[in-house]
Number of protein chains: 2
Amino acid sequence: MKHIAESTVRRLSLYLRFLEEFETQGQATISSGELALSGGTTSAQVRKDLSFFGSFGKRGLGYGVRDLIGSIREILGLHRSWSVVIIGAGKIGAALAQYRGFTQRGFNVVGVYDKDPSRIGVTLDDITVRADAELERDIQRLKPQIAVLCVPGDAAQALVDRVTKAGVKAVLNFAPAQIHVPKGVTLRAVNMATELEILAFGLSHPEERAS
Amino acid sequence: MKHIAESTVRRLSLYLRFLEEFETQGQATISSGELALSGGTTSAQVRKDLSFFGSFGKRGLGYGVRDLIGSIREILGLHRSWSVVIIGAGKIGAALAQYRGFTQRGFNVVGVYDKDPSRIGVTLDDITVRADAELERDIQRLKPQIAVLCVPGDAAQALVDRVTKAGVKAVLNFAPAQIHVPKGVTLRAVNMATELEILAFGLSHPEERAS
DNA sequence: GAGGGCTTGTGAAATCATTCACAAACTATC
DNA sequence: GATAGTTTGTGAATGATTTCACAAGCCCTC
Ligand SMILES: NC(=O)c1ccc[n+]([C@@H]2O[C@H](COP(=O)([O-])OP(=O)(O)OC[C@H]3O[C@@H](n4cnc5c(N)ncnc54)[C@H](O)[C@@H]3O)[C@@H](O)[C@H]2O)c1
Ligand SMILES: NC(=O)c1ccc[n+]([C@@H]2O[C@H](COP(=O)([O-])OP(=O)(O)OC[C@H]3O[C@@H](n4cnc5c(N)ncnc54)[C@H](O)[C@@H]3O)[C@@H](O)[C@H]2O)c1
């Protein structure tokens, strides 16, 4: 398959959200134009994004909402569930561990880890924080595919090394640190400072704001 | 000024982080190549990014670390401080309100708001949660430029309407909802579900992973 | 089953972003 | 102050993504 741009995957995730909304509202079919309107893009973009993966619509009619939901879920890899470990049970780690939006979409938190004795044993909803020393053994046993990193920046790289060595294949990093992963591991970073700085840039350059 | 790509602004924020690190290590000058290496990009990219805003280096020598920090801070609009209100004092809102990384970079949280009486009056570090009914009056008084939205998706649009009407010019949205802002307001969204779904896509299509 | 009215799927064109490649400019040394 | 050794700043080339535009396909009505 041709290489797929990240922007395409991001939009597919967005389309899926709107389609689910249209489905609960009982809409049976939808055109690329309607979908584009919800997502702030163009109908050609919607069709092009989908065309990388096949042909899902009916000319003259549009897309079956339920079918397209199924197809996009398949494309994104959401027809199965994924196991997630959260590393760092501090403020952000605890918030994520208790976030219902994860489980709702098929991402099951199978472990939360911390090194601070005062955090170990704490119960977050229905999961108990465990010692980071258990990480390797638990990863072997539970085979999580995804690790979410919520530790201070200077602890991040060492923990990524440990979890990727133990078999984790994707990392979502919240620590404000540039980290490196072995080939074959997918990495994404959510950097709050950068998001705010992009806003500050927009505020400082009103003449050329994107929005 | 020509239109600046978001990717450029994002990289400038990244460069700034590395430069600050190099400065604390006492390095006086740095070449585009060195900076590129830290940030996982190319020297040409670094120079091109900077060239949109002016000429900051010395040929044959590189960039003065301290000077370039100052220049990038100026470009991003960080030579001044910005005031932020956080709306929604739930799990994620509370974590953000207590996050030191905000203040460290010149983003001052001047208010945290919730509608739930059991949250109002709670103290997060040194700030007390206030009733959302106070929003308009406080925005008039404190003139925050940025609002960070940490409320459930179905409450998001109404609150954005309220804060932008009251004068807020930038919004960072954590709710999983597509929101609209008036012209002249900058909007960014952090969508955890999408981040995880991009990871799931990478896990499902190993042959064409980006990393 | 022919025709009108839509909407898809997709090459081609246009736009946008990155990389290349090199002249110009600086430092250091002799 | 001439020369060697660097590194910047930037047009031009390449590569990637988005938009355009239209033939092909489907539904519905007559
Ligand atoms: N709080 C926020 O709103 C926020 C926002 C964006 C980014 N971040 C980043 O997320 C990370 C966590 O932030 P936080 O506010 O939750 O901090 P925190 O101090 O509340 O939590 C960090 C946790 O990580 C644990 N930890 C440290 N080293 C560890 C190790 N080697 N193994 C296991 N656990 C370890 C600590 O014991 C602590 O419980 C930081 O890098 C921070 O910069 C936080
Ligand atoms: N918790 C997470 O890790 C996480 C991660 C990503 C995104 N989010 C999103 O962030 C938002 C908040 O999540 P949370 O986990 O903090 O939920 P939460 O329920 O803990 O907090 C939401 C808060 O918003 C308040 N609120 C609701 N309506 C309001 C209104 N009209 N005005 C003022 N306050 C109002 C509620 O009283 C509550 O305190 C949600 O949209 C969620 O999907 C959360």
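Chain naming here is simple, since letters A, B, ... match the order of the sequence lines and numbering starts at 1 in each. It should be emphasised that the depicted structure is a prediction, and the values quoted were computed from it without experimental measurement.
Look at CZ on Phe56(B): it is 16 Å from P on dC26(C), rounded to the nearest Å. Distance Ile4(A) CD1 to dA16(D) C1': 13 Å, rounded to the nearest Å. Distance Leu50(B) CG to dT18(C) P: 14 Å, rounded to the nearest Å. Going from atom CG of Leu61(B) over to atom P of dT29(C) covers 13 Å, rounded to whole Å. As rounded to whole Å, 12 Å separates atom C1' of dT19(C) from atom CZ of Arg11(B). When the C1' atom of dG25(D) is taken as reference, atom CZ of Arg47(A) falls 14 Å away, rounded to whole Å. Distance NZ (Lys48(A)) to C1' (dC16(C)): 16 Å, rounded to an integer number of Å. Nucleotide dC16(C) holds its P atom 17 Å from the CG atom of Asp49(B), rounded to whole Å.
Proximity of a side-chain donor or acceptor of Ser13(B) to a complementary backbone N or O of Val9(B) within less than 3.5 Å is not detected. A donor-acceptor pair is defined here as one N or O able to donate and one able to accept, closer than 3.5 Å; such a pair exists between the side chain of Gln157(A) and the backbone of His180(A).
The shortest distance between the side-chain N/O atoms of Ser32(B) and the OP1/OP2 oxygens of dT8(D) is below 4.0 Å. The phosphate of dT6(D) (OP1 or OP2) has no side-chain N or O of Ser31(B) nearer than 4.0 angstrom. Between Tyr63(B) and dC26(C), a side-chain N or O to OP1/OP2 separation shorter than 4.0 Å is absent. The side chain of Gln45(B) contributes an N or O atom lying less than 4.0 Å from OP1 or OP2 of dT19(C). The side chain of Thr42(A) contributes an N or O atom lying less than 4.0 Å from OP1 or OP2 of dT19(D). Regarding contacts with the backbone of dG9(D), a side-chain N or O of Ser55(B) is found under 4.0 angstrom from either OP1 or OP2.
Counting non-hydrogen atoms under 4.0 angstrom, Ser43(B) reaches nothing in the nucleic acid. Residue Ala44(B) is in base contact, counting any heavy-atom pair closer than 4.0 Å across all strands shown. Within the 4.0 angstrom heavy-atom criterion, no nucleotide atom of any strand lies near Thr41(B).
Atom CZ of Arg80(A) has more than 12 heavy atoms from other residues, nucleotides or ligands within 6.0 Å.
Under the side chain to side chain contact (heavy atoms under 4.5 Å, CB included) rule, Glu20(A) has a single partner from Val65(A), Ile72(A), Ile69(A), which is Ile69(A).
Using a 30° and 60° split on the angle between ring planes, Phe102(A) and Tyr99(A) fall in the perpendicular class, above 60°.
Nucleotides of DNA chain D nearest to Glu6(A) and Arg59(A) differ in position, and the one nearer the 5' end is that of Glu6(A).
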